[in-house]
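First comes the structure, then the notes that go with it.
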Amino acid sequence: MLNLDFHPAGRHFLQIPGPSPVPDRILRAMSLPTIDHRGPEFGALGRELLGKVKNVFRTENPVIIYPASGTGAWEAALSNTLSPGDEVLMFETGHFATLWHRMARRLQLEPEFIGLPGYEGWRHGVQADMIEARLREDTGHKLKAVCVVHNETSTGVTSDIAAVRRAMDAAGHPALLLVDTISGLASADYRHDEWGVDVTISGSQKGLMLPPGISFNAVSDKAIEASRHNRMPKSFWAWDEILEANQNGYWPYTPSTNLLYGLNESLDMLLEEGLEHVLARHQRWAAGVRTAVQAWGLEIQCQDPAVYSPVLTGVVMPEGTDADDVRRIIYERFDLSLGTGLGKAKGKMFRIGHLGDCNDLTLIATLGGCEAGLKLAGVPLKGSGVTAALDYFAGHSLEAAR
Ligand SMILES: *Cc1c(COP(=O)(O)O)cnc(C)c1O
């Protein structure tokens with residue numbers, strides 16, 4: 001039942017790793033009247049944003065925009081490039097990799113799911129050497145694609161996509177490289193062209209600071225070529241008709257007009273600030289939040305400092321504490337939403353989002369809510385994470401982080 005007695009004052013703290021808070025500037029842009037999606041004004045908007053959006057993917061190739069959540073763009077990537085019965089290599093980094101793997105099976109692909117043994121894979125990134133070894137075995141080139149998640153939102157671990165590309169090249173394997181950066185885009189460094197990615201999948205409600213509802217496929221020439229001959233049934237997701245209509249700034253069906261207003265504003269905000277600056281800002285926040293977790297004496301879910309996520313941090317609870325109990329206390333007492341543990345991590349950890357429209361003080365408040373909630377839940381803390389993070393932010397200017 002909806003609790004109608006719950007009327008907290010002030011702003012809710014939405015510190016889950018997506019949807020992330022939507023800045024007022026984007027909300028205002030989206031509040032304009034919906035226009036004719038076949039009219040001249042819309043065509044001009046479409047052309048402008050289809051050009052600008054390439055900058056965040058760091059690509060010169062087309063970026064396809066769907067009126068769908070990120071899951072739709074996963075399906076679009078698979079259904080445009082592969083055929084039923086195709087073998088694909090997927091890597092288990094966490095819950096989102098697991099869901100994508102399940103989708104591949106439902107689409108009648110033959111996915112092979114590799115990873116580190118036990119729960120290890122959920123605390124580390126993709127192991128490029130394991131991918132290289134598997135591809136070297138596949139002398140008949142039966143594997144048609146390698147599918148990896150760039151920023152595993154369920155754990156707070158990123159993966160080195162350039163290393164995956166190098167592994168594929170070292171094995172001399174022609175498989176396509178499909179990468180989910182739904183939560184990494186515009187918060188973690190990502191380079192579609194430089195890393196030789198064939199399809200990059202992303203979504204609106206994470207680093208792009210938009211509400212949920214639109215998602216993306218950035219493509220390569222090789223991916224487009226594959227889409228001309230693949231045999232998976234596709235219609236709504238088919239790239240060909242969208243790319244053709246996009247030439248003039250339109251879509252073959254009704255696009256999410258107001259979300260596209262928001263996207264246009266989001267791209268202006270990101271590009272005016274400069275992507276490098278945006279990424280440095282996220283790295284610095286993540287480092288401040290990790291300083292707090294370490295001061296509490298708690299463990300970070302990611303066990304490889306080289307791939308700590310700049311987007312979110314997974315905080316592991318001591319044995320005997322249910323992370324969801326802690327989250328509930330924090331939500332009820334402080335009106336602060338944190339990410340739940342997903343799949344194999346359920347109850348073991350919670351996730352602090354530090355992406356998009358944040359600043360030092362929203363994160364200090366977030367850490368304050370966490371610290372108080374942990375104490376209320378009876379979790380023993382070594383020291384004050386809030387003080388440690390305040391000192392970190394005070395002592396590390398953004399200029400120094402760049
Ligand atoms: C959020 C997310 C998804 C799912 O996207 P939806 O918009 O919920 O469909 C998939 N993969 C990753 C890495 C995500 O962060």
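Order of appearance sets the numbers: ligands from 1, and atoms from 1 within every ligand.
Scanning all protein heavy atoms for the shortest distance to atom 8 (O) of ligand 1 gives Gln205 NE2, 3.9 Å. Looking from atom 11 (N) of ligand 1 to the surrounding protein, the closest heavy atom is Asp180 OD2, 2.7 Å. When hydrogens are left out, the protein atom nearest atom 15 (O) of ligand 1 is Thr153 OG1, 2.4 Å; that is the closest non-hydrogen contact. Of the protein's non-hydrogen atoms, Lys206 NZ, 2.6 Å is the one closest to atom 2 (C) of ligand 1.
Counting only distance, with no hydrogens or angles, the side chain of Asn246 and the backbone of Tyr250 share a donor-acceptor pair below 3.5 Å. Not a single donor-acceptor pair under 3.5 Å links the side chain of Thr362 to the backbone N or O of Cys358. Checking side-chain atoms of Asn258 against main-chain N and O of Leu32 turns up a donor-acceptor pair under 3.5 Å.
Residue Asn151 approaches ligand 1 through these ligand atoms, each under 4.0 Å from one of its heavy atoms: 13 (C). Per-residue contacts place Gly70 under 4.0 angstrom from the following atoms of ligand 1 (heavy atoms of the residue considered): 5 (O), 6 (P), 7 (O), 9 (O).
When only modelled atom types and interatomic distance are considered, Ser227 and Asn80 share no side-chain donor-acceptor pair under 3.5 Å. Residues Glu241 and Trp251 have side chains that never bring a donor and an acceptor to within less than 3.5 angstrom of each other. Trp239 and Asn217 are linked by a side-chain donor-acceptor pair at a separation below 3.5 angstrom, with hydrogens and angles left out of the test.
Considering backbone and side-chain atoms alike, Ser69 places an N or O below 3.5 Å from some N or O of ligand 1.
No part of Trp100 comes within 4.0 Å of ligand 1, judged by heavy-atom distances. Residue contacts with ligand 1, taken as heavy atom pairs separated by less than 4.0 Å, involve Ile182 solely via side-chain atoms from C-beta onward. Proximity of Thr181 to ligand 1, defined as any heavy-atom pair under 4.0 Å, is not found for any part of the residue.
Lys206 forms a cation-pi arrangement with Phe96, by the criterion of a distance under 6.0 Å to the ring centre and an angle within 45° of the ring axis.
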